[in-house]
Amino acid sequence: MSTSVFTRFAPSPTGHLHIGGARTALFCWAFAKRQGGKFILRIEDTDAARSSDESARGIMEDLAWLGIDWDEGPELATGGRTLGGDPRGVGPYFQARRVDLYNKYIMQLVKDGKAYPAFENEQELDAKRKAATAAKQTYRYDRASYHAIPTVEGRLARMGAEPHVIRFFAPHEEVVVHDQVLGEVKYAAGEMDDFVIRKQDGLPTYHFAVVVDDETMGVTHVMRAQEHLNNTPRHVALQKALGFRVPTYAHMPLIFNMDGSKMSKRDKAKAARKAAKDAIAKGAKADTLASEAKLDATLLNAFLAGDNDSLDVAHALGTHLKVALPEIEVADFRENGYLPEAITNFVSLLGWNPGMKTPDGKDLEKFDATFLAQHFGIERIGKTNSKFDRAKLLSFNGDYLAALPDAAFVQRWLAWLADFDGPLHRFVAGLSPEKQVLLARAVKPRAKTLRDAAKPIGFLRVGDGEVALDAAAVAKNLDAAIALEPGPGTTTGRELLRGSQAVFAGELDWANPAALEGAVQAFAASKQVKLGAMAQALRTALTGSGVSPALGDSLCLLGRESVLTRIARALA
RNA sequence: GGCCCCGUCGUCUAGCCCGGUCUAGGACACUACCCUUUCACGGUAGGGACAUGGGUUCGAAUCCCAUCGGGGUCACCA
């Protein structure tokens with residue numbers, strides 16, 4: 001087992017961690033673990049305008065939440081331990097703090113004549129690009145600045161005097177990328193143009209920073225999404241020019257929405273915009289919408305017009321209009337009550353597969369991160385793009401939820417509620433441990449997410465006087481005739497309910513669901529009706545709807561007072 | 001448009017490298033039935049795919065070519 005494997009995940013801190021990025025990070029992590037190597041986190045913040053420290057921190061927290069721990073990188077204290085660090089002294093891990101290093105190599109290239117300053121401004125280049133497009137030709141930088149100053153000395157001199165960018169002098173030769181997933185990918189000589197390696201603001205471009213960092217940090221395996229495939233020849237050419245090693249590359253397939261579009265943060269804005277427009281079409285006023293959602297009216301109007309895709313506006317609208325925005329970022333999934341183990345498991349299956357069978361001969365699909373870390377290999381990464389099927393994720397999440405022991409479920413539910421549903425958290429936290437377990441039993445098989453968990457127990461949270469009796473349920477379960485068995489004769493749910501009041505008012509063990517149910521059963525038998533009829537009448541009275549968790553659990557959770565009050569009210 | 005990648009059920013995929021064991025397997029979703037005091041859970045069953053056309057071969061999902069289709073990328077973003 002080699003200890004020389006180093007992988008890295010290198011997000012740019014311009015927002016939360018994207019679900020696709022989570023998969024990339026997970027695979028890099030798993031590969032390093034499997035190989036006995038190290039996983040590095042590096043923050044690519046060379047876009048000064050769009051990067052932020054809050055985003056970097058958010059991404060780190062998202063990774064930590066998913067259980068993707070980095071061995072090296074920015075430090076983050078979480079859950080009593082510290083992730084990251086710089087044991088080899090190859091940091092810092094924020095690119096913006098490595099500018100001197102980049103400049104050293106850039107100067108080397110310039111002095112070697114392998115890179116040169118260029119002085120065109122963006123407008124000039126834009127015009128040339130447009131002209132090329134109009135002429136149906138592929139635009140390539142024409143090396144005007146290179147030819148204008150033939151000597152290194154001349155270039156150095158002018159660099160000191162004028163704003164400029166640095167371009168790499170692309171060698172005229174074929175570049176072959178040996179990709180571990182895709183095989184040999186060849187790029188003909190002349191395909192590459194003289195791309196920019198240092199921007200006018202003095203910061204390196206992505207291409208340059210990546211190459212320098214991967215070399216200086218000793219990265220051996222670069223695993224990233226296929227959208228970077230066409231960047232790879234540039235990186236290889238740069239490595240060659242700088243005398244660097246070429247890491248092993250593996251480009252993984254992309255993940256899309258079910259409709260084939262890119263999974264983008266904009267999807268959230270789109271969904272929110274549509275919901276708002278629908279509401280307005282139905283008569284809502286934009287101004288009142290703005291004030292109700294606590295949004296600035298002009299900001300909202302700009303958003304509705306499509307002038308911006310503000311996530312803040314989108315979230316505010318989503319919350320206010322009660323529409324679910326599509327989950328795109330890890331934080332969205334977390335907020336909607338997904339379990340990290342369900343997410344990592346599901347996402348592992350997008351473009352990878354263990355290729356193993358379960359004991360009963362089915363394909364192995366359910367596994368944890370430890371399993372991944374023991375079995376992940378590049379050989380089994382697929383080549384085809386996939387679509388993100390939330391229905392399957394939901395199913396996985398439901399399975400993971402159901403598999404949690406009651407106590408563990410309660411614990412994790414409480415933790416989630418503390419972050420995302422204060423009122424329900426107070427309610428659940430205020431219950432006895434016994435009742436919390438009952439709640440877990442009621443909720444686990446019925447919820448696909450922690451957010452869903454509120455639904456089956458909604459009836460517990462309405463006041464006894466506020467239970468909304470569903471007309472259809474009342475007709476069916478309280479008013480319709482119920483045949484006695486043995487017959488002849490009929491009764492109604494309403495009559496049964498009336499009779500049951502004495503039972504509930506009497507001596508019962510209200511802490512014991514089975515005893516409660518037994519009492520109901522005995523009562524039903526005494527009245528010559530099936531338990532089912534009795535149960536439905538009770539459900540209607542207790543919940544208003546004829547749908548509830550197991551009868552004994554529901555009665556126990558509600559307690560004597562509430563049961564009696566609700567029955568009396570249904571009878572009134 | 002140039003360049004690059006890809007193409008097995010609706011979706012994720014196994015199988016493909018090393019052709020026969022594939023009347024193509026699993027999972028999610030869907031449908032039906034069973035279980036059942038409701039809703040769920042669970043169980044059983046069912047429909048559902050090798051993009052198309054040519055080769056090669058006794059034999060092709062598996063190898064080759066073409067076509068068609070999908071995607072990525074062409075920034076002083078990463």
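Every chain is numbered from 1 and lettered A, B, ... according to where its sequence line falls, protein lines coming before strand lines. What you see is a predicted model, and the numbers here were worked out from it, not measured in a lab.
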Query raised in the report: Hey, does A/Ser548 reach any base, or is it just sugar-phosphate, or nothing, if we go heavy atoms under 4.0 Å?
Result: base
Report summary line: Per atom distances to the A/Arg167 side chain, the nearest of B/C76, B/U13, B/U38 is B/C76
Requested in this report: Assess A/Arg98 against A/Tyr93: is NZ or CZ under 6.0 Å from the centre of the six-membered ring, and within 45 degrees of the ring's axis?
Outcome: no
Query raised in the report: Can you list the steps and then say if A/Arg42 with A/Asp214 is a salt bridge (Lys or Arg N to Asp or Glu O under 4.0 Å)?
Result: CA-CA 10 Å; A/Arg42 183 173 72 221; A/Asp214 284 346; 2.9 Å; yes
Query raised in the report: Can you find a side chain N or O atom of A/Lys199 that sits less than 4.0 Å from OP1 or OP2 on B/C77?
Result: yes
Query raised in the report: With a 4.0 Å cut-off on heavy atoms, is A/Asp126 in touch with a base, just the backbone sugar-phosphate, or nothing at all?
Result: nothing
Requested in this report: Name the pairing partner of B/U21, where a pair is Watson-Crick or G-U wobble with both distances under 3.5 Å, or state none.
Outcome: none
Query raised in the report: Does any donor-acceptor pair link the side chain of A/Glu191 with the base of B/G2 at a separation under 3.5 Å?
Result: no
Requested in this report: Compute the centroid of each ring, for A/Tyr400 and then for A/Tyr338, and state whether the two points are separated by less than 6.0 Å.
Outcome: no
**Report entry** Distance flag, aromatic centroids of A/His228 and A/His251, threshold under 6.0 Å
**Finding:** no
Requested in this report: Name the nucleic acid region contacted by A/Ala524, choosing base, sugar-phosphate or nothing; use a 4.0 angstrom heavy-atom cut-off, strictly under.
Outcome: nothing
Report summary line: Looking only at B/C76, B/C39, B/G10, the nucleotide nearest the A/Gln200 side chain is B/C76
Query raised in the report: Between the side-chain atoms of A/Lys392 and the base atoms of B/A29, is any donor-acceptor pair under 3.5 Å?
Result: no
Query raised in the report: If pairing requires Watson-Crick or G-U wobble contacts with both distances under 3.5 Å, which nucleotide is the partner of B/U44?
Result: B/A32
Report summary line: Partner of B/G1 under the Watson-Crick or G-U wobble criteria, both distances under 3.5 Å, comes out as B/C74
**Report entry** Minimum-distance nucleotide to A/Thr205 side chain [options: B/U38, B/A78, B/U8]
**Finding:** B/A78
Report summary line: By nearest-heavy-atom nucleotide on RNA chain B, the more 5' of A/Phe256 and A/Val165 is A/Phe256
Query raised in the report: With a cut-off of under 6.0 Å to the ring centre and 45° to the axis, is A/Arg167 in cation-pi contact with A/Tyr116?
Result: no
Requested in this report: Report the distance from atom CG of A/Asn385 to atom C1' of B/U11, rounded to the nearest whole Å.
Outcome: 14 Å
Report task. Give the rounded distance in Å between these two atoms: CZ of A/Arg224 and C1' of B/C5. Result -> 15 Å
**Report entry** N/O (side chain, A/Lys136) to phosphate O (OP1/OP2, B/G1) under 4.0 Å
**Finding:** no
Query raised in the report: Under 4.0 Å between a side-chain N/O of A/Thr46 and OP1 or OP2 of B/A78, yes or no?
Result: yes
Query raised in the report: Starting at NE2 of A/His235 and ending at P of B/A78, how long is that distance when rounded to a whole Å?
Result: 11 Å
Report summary line: Rounded to whole Å, NZ of A/Lys387 lies from C1' of B/G69 at a distance of 12 Å
Report task. Would you indicate, yes or no, if B/C28 has its OP1 or OP2 atom less than 4.0 angstrom from a side-chain nitrogen or oxygen of A/Lys362? Result -> no
Query raised in the report: Between A/Arg380 and B/G15, does any side-chain N or O lie under 4.0 Å from OP1 or OP2?
Result: yes
**Report entry** Proximity to the side chain of A/Asp363 - top-ranked nucleotide from B/G72, B/U38, B/G25
**Finding:** B/G25
Requested in this report: Using Watson-Crick or G-U wobble geometry with both distances below 3.5 Å, tell me the partner of B/A61, or none.
Outcome: none
Query raised in the report: A/His228 side chain: which of B/A78, B/U11, B/U38 is closest?
Result: B/A78
Report task. Among the candidates B/C77, B/U73, B/U11, find the nucleotide nearest to the side-chain atoms of A/Met258. Result -> B/U11
Requested in this report: Name the nucleic acid region contacted by A/Tyr187, choosing base, sugar-phosphate or nothing; use a 4.0 angstrom heavy-atom cut-off, strictly under.
Outcome: sugar-phosphate
Query raised in the report: Just checking A/His251: base, sugar-phosphate only, or nothing, at a heavy-atom cut-off of under 4.0 Å?
Result: nothing
**Report entry** Any A/Arg129 side-chain N or O less than 4.0 Å from OP1/OP2 of B/A75
**Finding:** yes
Query raised in the report: If we ignore angles and hydrogens, is there a donor and acceptor under 3.5 Å between the side chains of A/Asn257 and A/Ser261?
Result: yes
Report summary line: Walking RNA chain B from its 5' end, the first of A/Ser545 and A/Glu184 to be reached, judged by nearest nucleotide, is A/Glu184
Query raised in the report: For A/Glu327 and A/Asn336, what are the C-alpha separation, side-chain angles and deciding distance, and is it a side chain to side chain donor-acceptor pair (under 3.5 Å)?
Result: CA-CA 8 Å; A/Glu327 301 104 346; A/Asn336 283 342; 3.0 Å; yes
Query raised in the report: Once you round it to whole Å, what is the distance between C1' of B/U73 and CZ of A/Arg234?
Result: 8 Å
**Report entry** Closest listed nucleotide, where the reference is the side chain of A/Arg50 and the choices are B/C77, B/A78, B/G25
**Finding:** B/C77
Report summary line: Against the side chain of A/Pro445, the closest entry in B/A78, B/C5, B/A40 is B/A40
Report summary line: Rounded to whole Å, CG of A/Leu350 lies from P of B/A14 at a distance of 12 Å
Report task. Mind checking A/Lys262 for me? I need base, sugar-phosphate or nothing, with any heavy atom below 4.0 Å counting as a touch. Result -> sugar-phosphate
Query - Electrostatic pair A/Glu365-A/Lys392, nearest N-O below 4.0 angstrom - result: yes
Report task. Answer with base, sugar-phosphate or nothing: what part of the nucleic acid does A/Pro456 contact at a heavy-atom distance below 4.0 Å? Result -> nothing
Requested in this report: Just call it for A/Lys444: base, sugar-phosphate, or nothing, with non-hydrogen atoms closer than 4.0 Å on any strand.
Outcome: nothing
Query raised in the report: What distance, rounded to whole Å, do you find between the two C1' atoms, one in B/A61 and one in B/U8?
Result: 7 Å
Report task. Could you check how far CG of A/Asp470 sits from P of B/C39, rounded to whole Å? Result -> 14 Å
Query raised in the report: Which part of the nucleic acid, if any, lies within reach of A/Glu120 when heavy atoms closer than 4.0 Å are counted: base, sugar-phosphate only, or nothing?
Result: base
Report summary line: Closest to the side chain of A/Ser386, out of B/C12, B/A78, B/U8, is B/C12
Requested in this report: Grab the CG-C1' distance between A/Leu401 and B/A40 for me, whole Å please.
Outcome: 13 Å
Query - Sugar-phosphate only, base, or nothing, as touched by A/Met534 at under 4.0 Å among non-hydrogen atoms - result: nothing
Query raised in the report: Under a 3.5 Å cut-off for both distances, is B/A14 Watson-Crick or wobble paired, and to whom?
Result: none
**Report entry** A/Lys114 to A/Phe168, cation-pi by 6.0 Å centre distance and 45° axis angle
**Finding:** no
Requested in this report: Quick one: label A/Gly398 by what it contacts on the DNA or RNA (base, sugar-phosphate, nothing), any heavy atom closer than 4.0 Å.
Outcome: nothing
Requested in this report: Quick one: label A/Asp193 by what it contacts on the DNA or RNA (base, sugar-phosphate, nothing), any heavy atom closer than 4.0 Å.
Outcome: nothing
Query raised in the report: What nucleotide among B/C5, B/C39, B/C77 has an atom nearest to a side-chain atom of A/Gln226?
Result: B/C5
